[in-house]
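Within every chain, numbering begins at 1; the chains are lettered A, B, ... in the order of the sequence lines, protein sequences first and strands thereafter. Basis for what follows: all heavy atoms, side chains included, without hydrogens, waters or symmetry-related copies.
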Protein chains: 2
Amino acid sequence: MTTSDRPRGAALRQQVLDTALALFSQQGYFNTSIHDIRKEANVSIGAIYHHFGNKERLAKALYDNLLEAMAEEVANATAPHHGCLGQCRAVIAVLFQLSEQQPQVMQFVLMAKHREFLREEPPICSSRPFAAMRLILEQGIASGEVRNIEPWVAATAMFGGALRMMNLALDGVLTQPLDSYLDEVVECGWRAVQA
Amino acid sequence: MTTSDRPRGAALRQQVLDTALALFSQQGYFNTSIHDIRKEANVSIGAIYHHFGNKERLAKALYDNLLEAMAEEVANATAPHHGCLGQCRAVIAVLFQLSEQQPQVMQFVLMAKHREFLREEPPICSSRPFAAMRLILEQGIASGEVRNIEPWVAATAMFGGALRMMNLALDGVLTQPLDSYLDEVVECGWRAVQA
DNA sequence: GTCTATAATCCGATAGAC
DNA sequence: GTCTATCGGATTATAGAC
């Protein structure tokens, strides 16, 4: 305890990111001070500012990392599938899994209002994973698997229910694990858009 | 200008609420100081604290007022309808209208993360309008109009797409007015759940 | 009820030693 | 790179006159 268990270098940087994620997702960005992070991560204020410059850039680094990782997960999940339904199901399945296994990540990446603290950030619907989801529906329309409706409507119809279920799960409203609803949620989304 | 155009009494109170809504919805709760509200509303700090006690109670008063009003709008919209589809359509129609006519209200009531600044507030999905939406689907299941699926799944499938479309509209992503998507959105939601 | 002036606190960020 | 100590500023809230 006394003899500096403190991380250093890259490990320190990661420790700060992990702690920031935990606190931001639990309390929100504005309810979390740099001092809170310093204390919880067992590092110094100076180290945090050395690595990240300021509080907003810390949040941005965290957001970029996690969003990119999520985009990768989504891309990997859909890769094996070629049909529109299969891809949609894979996306929802991986999002549900992430919501259960890394709820803090989903809370921070999908449910937070980033634009309140990351002033220059575009809306999340234009980010990589969401663009991928919209593209899947556009391709489904092109191939005739999906009805010929407005692409935004198709994407929100297919995934809107799933996203709201994730919201409920993260808010602790659901009694059953999210995975147990997967089949029904996919079925509903697909019925909404299928040709 | 000089001779005190300032509101007083109940008018002052409402002026503060209106200004708080505008600033909270545009900048977020934490990016808005009491002094910002004081300045924009053309009232004194003392008056604000006299009427509301503190910043959080101001936000709570605003939230309660607007949520209650929205619940009323939803209730009034559904009242003339008896079938499940008609009620669902009426709910989405009124939510779309409110999103266009009072975007700040929808931004603050539906899209903000209240629990970050209203610590004791339950999740919004348990609020009156959302409970009403879920009830409509439960009744639809009971009457056989809706497939026999988990009520949460049914409610999120029916309304999740519409809520995401509202999100897109409020983020300025959509080019067309929200109303123009109404038919397709309702159609998708209903296909998702209909028996 | 409304006002101004100010108190008390907290926070983000920096300085400078090591 | 990491640390501690501290600064400057902003914010919430209060005090007390009117």
Got a sec, which residues hit side chain to side chain donor-acceptor pair (under 3.5 Å) with A/Asn76, two or more places apart in sequence or on another chain?
none
Value in whole Å for how far the P atom of D/dT4 lies from CD1 of A/Ile48
12 Å
If we only count heavy atoms from C-beta on, is the B/Val193 to B/Arg147 side-chain gap below 4.5 Å?
no
Just checking, any donor-acceptor pair under 3.5 angstrom between side chains of B/Thr19 and B/Glu40?
no
Contacts of B/Arg128 that satisfy side chain to side chain donor-acceptor pair (under 3.5 Å) - sequence neighbours left out:
B/Glu68, B/Glu72
Going by the side-chain contact (heavy atoms from CB on, under 4.5 Å) test, name the single residue among A/Met166, A/Glu73, A/Met165 that passes it with A/Leu95.
A/Met166
Please state how far atom CZ in B/Phe52 lies from atom P in D/dT14, giving the value in whole angstrom units.
16 Å
Heavy atoms under 4.0 Å is the rule here; annotate nucleotides 3-18 of chain C 5' to 3' with B where the base is hit, S where only the sugar-phosphate is, and - elsewhere.
BB------SBBB----
Without decimals, in angstroms, what is the distance between B/Leu58 CG and D/dA13 C1'?
14 Å
